[in-house]
**Q** 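Let me give you the structure first, and then I'll get to my questions.
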Number of protein chains: 2
Amino acid sequence: MTKQNFELNGRIWLEVGGEKMLGHGRVELLERIQASGSIRQAALQMKMSYKQAWDLINHINSHFKKPVVVSQRGGKGGGKAVVTADGLKLIAQFHQLHASFSDFLKQHSGEFDLTNQD
Amino acid sequence: MTKQNFELNGRIWLEVGGEKMLGHGRVELLERIQASGSIRQAALQMKMSYKQAWDLINHINSHFKKPVVVSQRGGKGGGKAVVTADGLKLIAQFHQLHASFSDFLKQHSGEFDLTNQD
DNA sequence: TAGCGTTATGTTTTAAAAAACATAACGATG
DNA sequence: CATCGTTATGTTTTTTAAAACATAACGCTA
């Protein structure tokens, strides 16, 4: 009898109007924007193009009642971006939820089993 | 104060060797194969091409130690396909797990909240 | 006031994924 | 022993998504 080796995995995310809005990747992007004060730097760190990062946060901003990132161009350093209080709240809430989800996956990871008598 | 309307959502799946192997869609495919005795009929029901369905179950079969579907061509009706005992076991185990996951999502769906004093 | 680095946005090109198409093999059955 | 409906598989085309490229706007700062 040889035992099949399984792993349980999954993803969770936040939706607004049925549209995916905030998952693991976008939360990381927000965190890096907050840490660096720059969309460009955050994008570089995550190996995505500036445009891709900008499109993402623009999409989020335009679907929430209040923006999660506010930015300005020109000035010292060329411009900057900061995560709003709401954005920070979302990051924290997502982390908390994701920790519960990780527990869930770990707790149920043994439930797949094809062991039998052969 | 206007409240942002959130929904929590997610997916879970089974992996073998880090590769996604069995999630919601493939489980449904297996069920329809079992119910109809035919890959073609299952594919039609799910509005996918026969090739796509076949590629999926072939991929699964070749990554598990024992196949989840066995099939034969020719003969009465042109051929047939049946889900193995292991396959049926996986379906059942996935359903059980997915029910727990649905509970998880429901229980935590209220954890996102941006309500504040403005 | 020219230059710098970043935000903001549109367009074009490339790559990946999906769909469509085509065809052989098979075995009961009439 | 030809037909039928399905399994099995490869190839081509289309669609979609991602990446690359290009450029304007902006406001400090030297």
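In this text, all values refer to a predicted model and were calculated from it rather than measured experimentally. The chains referred to below are lettered A, B, ... by the order of the sequence lines, with proteins before strands, and numbering in each begins at 1. In what follows, every heavy atom counts, from backbone to side chain, and hydrogens, waters and symmetry copies are set aside.
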**Q** Could you run through nucleotides 23-30 of chain D and give me one letter per nucleotide, 5' to 3': B if any protein heavy atom sits under 4.0 Å from the base, S if only the sugar-phosphate is that close, - if neither?
**A** --BBBSS-
**Q** With sequence neighbours excluded, give me every side chain to side chain donor-acceptor pair (under 3.5 Å) pair touching residues 82-93 of chain A.
**A**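 Passing the test, one end in residues 82-93 of chain A: no pairs.
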**Q** Under 4.5 Å between any side-chain heavy atoms of Asp113(A) and Phe6(A), yes or no?
**A**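 SC-SC contact between Asp113(A) and Phe6(A) ruled out.
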**Q** Would the distance check show the side chain of His98(B) and the main-chain N or O of Phe94(B) forming a donor-acceptor pair, the cut-off being under 3.5 Å?
**A**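 A pair under 3.5 Å: no.
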**Q** For DNA chain D, which residues of residues 14-33 of chain B approach it to below 4.0 angstrom with any heavy atom?
**A**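 Per residue number, the list is empty: none.
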**Q** According to salt bridge (charged side-chain N to carboxylate O under 4.0 Å, His left out), does anything in residues 33-61 of chain A pair up with another residue at least two apart or in another chain? List the pairs.
**A**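 Every salt bridge (charged side-chain N to carboxylate O under 4.0 Å, His left out) pair that includes a residue of residues 33-61 of chain A, provided the two are not neighbours, is Lys51(A)-Asp55(A).
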**Q** Going from CD1 on Ile91(A) to CG on Leu22(A), what distance comes out if it is rounded to the nearest 0.5 angstrom?
**A**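 So the gap between those two atoms works out to 8.0 Å.
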**Q** Checking Glu15(B) against His63(B): is there a side-chain donor and acceptor pair closer than 3.5 Å?
**A**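 No - no donor-acceptor pair under 3.5 Å links their side chains.
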**Q** Heavy-atom distance under 4.5 Å between the side chains of Leu90(A) and Leu114(B), does that happen here?
**A**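 They are in contact (side-chain heavy atoms under 4.5 Å apart), so the answer is yes.
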**Q** Rounded off to whole Å, could you give me the CE-to-C1' distance for the Met46(A) and dA19(D) pair?
**A**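 Spelled out: CE on Met46(A) to C1' on dA19(D) is 16 Å.
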**Q** Please answer whether the main-chain N or O of Gly23(B) pairs with a side-chain N or O of Arg11(B) as donor and acceptor at a distance below 3.5 Å.
**A**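 No, because the side chain of Arg11(B) does not come within donor-acceptor range (under 3.5 Å) of the backbone of Gly23(B).
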**Q** For Trp54(B) and dT6(D), give me the distance from atom CH2 to atom C1', rounded to whole Å.
**A**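 Taking CH2 of Trp54(B) and C1' of dT6(D), I get 14 Å after rounding.
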**Q** Give me the atom names and distance for the closest heavy-atom approach of Ser36(B) to Ala42(B).
**A**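 Here Ser36(B) and Ala42(B) meet closest at OG-N, 4.0 Å.
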**Q** If I take atom CG in residue Asn58(A) and atom P in nucleotide dT7(C), what distance separates them, rounded to the nearest angstrom?
**A**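 In whole Å, dT7(C) P lies 13 Å from Asn58(A) CG.
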**Q** Just by modelled atom types, is the Val69(B) backbone N or O under 3.5 Å from a matching donor or acceptor in the Asn61(B) side chain?
**A**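 Yes, the answer is positive, given that a donor and an acceptor are paired below the 3.5 Å cut-off.
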**Q** State which residue, out of Gln41(A), Met46(A), Met48(A), fulfils the side chain to side chain contact (heavy atoms under 4.5 Å, CB included) condition with Leu44(A).
**A**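 Result: among Gln41(A), Met46(A), Met48(A), Gln41(A) is the only option passing the side chain to side chain contact (heavy atoms under 4.5 Å, CB included) with Leu44(A).
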**Q** Going 5' to 3' through nucleotides 12-22 of chain C, assign each nucleotide B (protein heavy atom under 4.0 Å from a base atom), S (under 4.0 Å only from sugar-phosphate atoms) or - (no protein heavy atom that close).
**A** -------SB--
**Q** Taking atom P of dA8(C) as reference, at what distance in whole Å does atom NZ of Lys80(A) sit?
**A**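 Going from NZ in Lys80(A) over to P in dA8(C) covers 13 Å.
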**Q** Do Gln4(A) and Phe64(B) come close enough that some side-chain heavy atom pair is under 4.5 Å?
**A**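 Yes, close enough: below the 4.5 Å cut-off.
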**Q** Heavy-atom contacts under 4.0 Å between residues 34-45 of chain B and DNA chain D, which residues?
**A**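 Residues of residues 34-45 of chain B that come under 4.0 Å of DNA chain D are, in numerical order, Ser38(B), Ile39(B), Arg40(B), Gln41(B).
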**Q** Using only atom types and a distance under 3.5 Å, with no angle test, would you say the side chain of Lys80(A) pairs donor to acceptor with the backbone of Arg73(A)?
**A**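 Checking the backbone N and O of Arg73(A) against the side chain of Lys80(A), no donor-acceptor pair under 3.5 Å is found.
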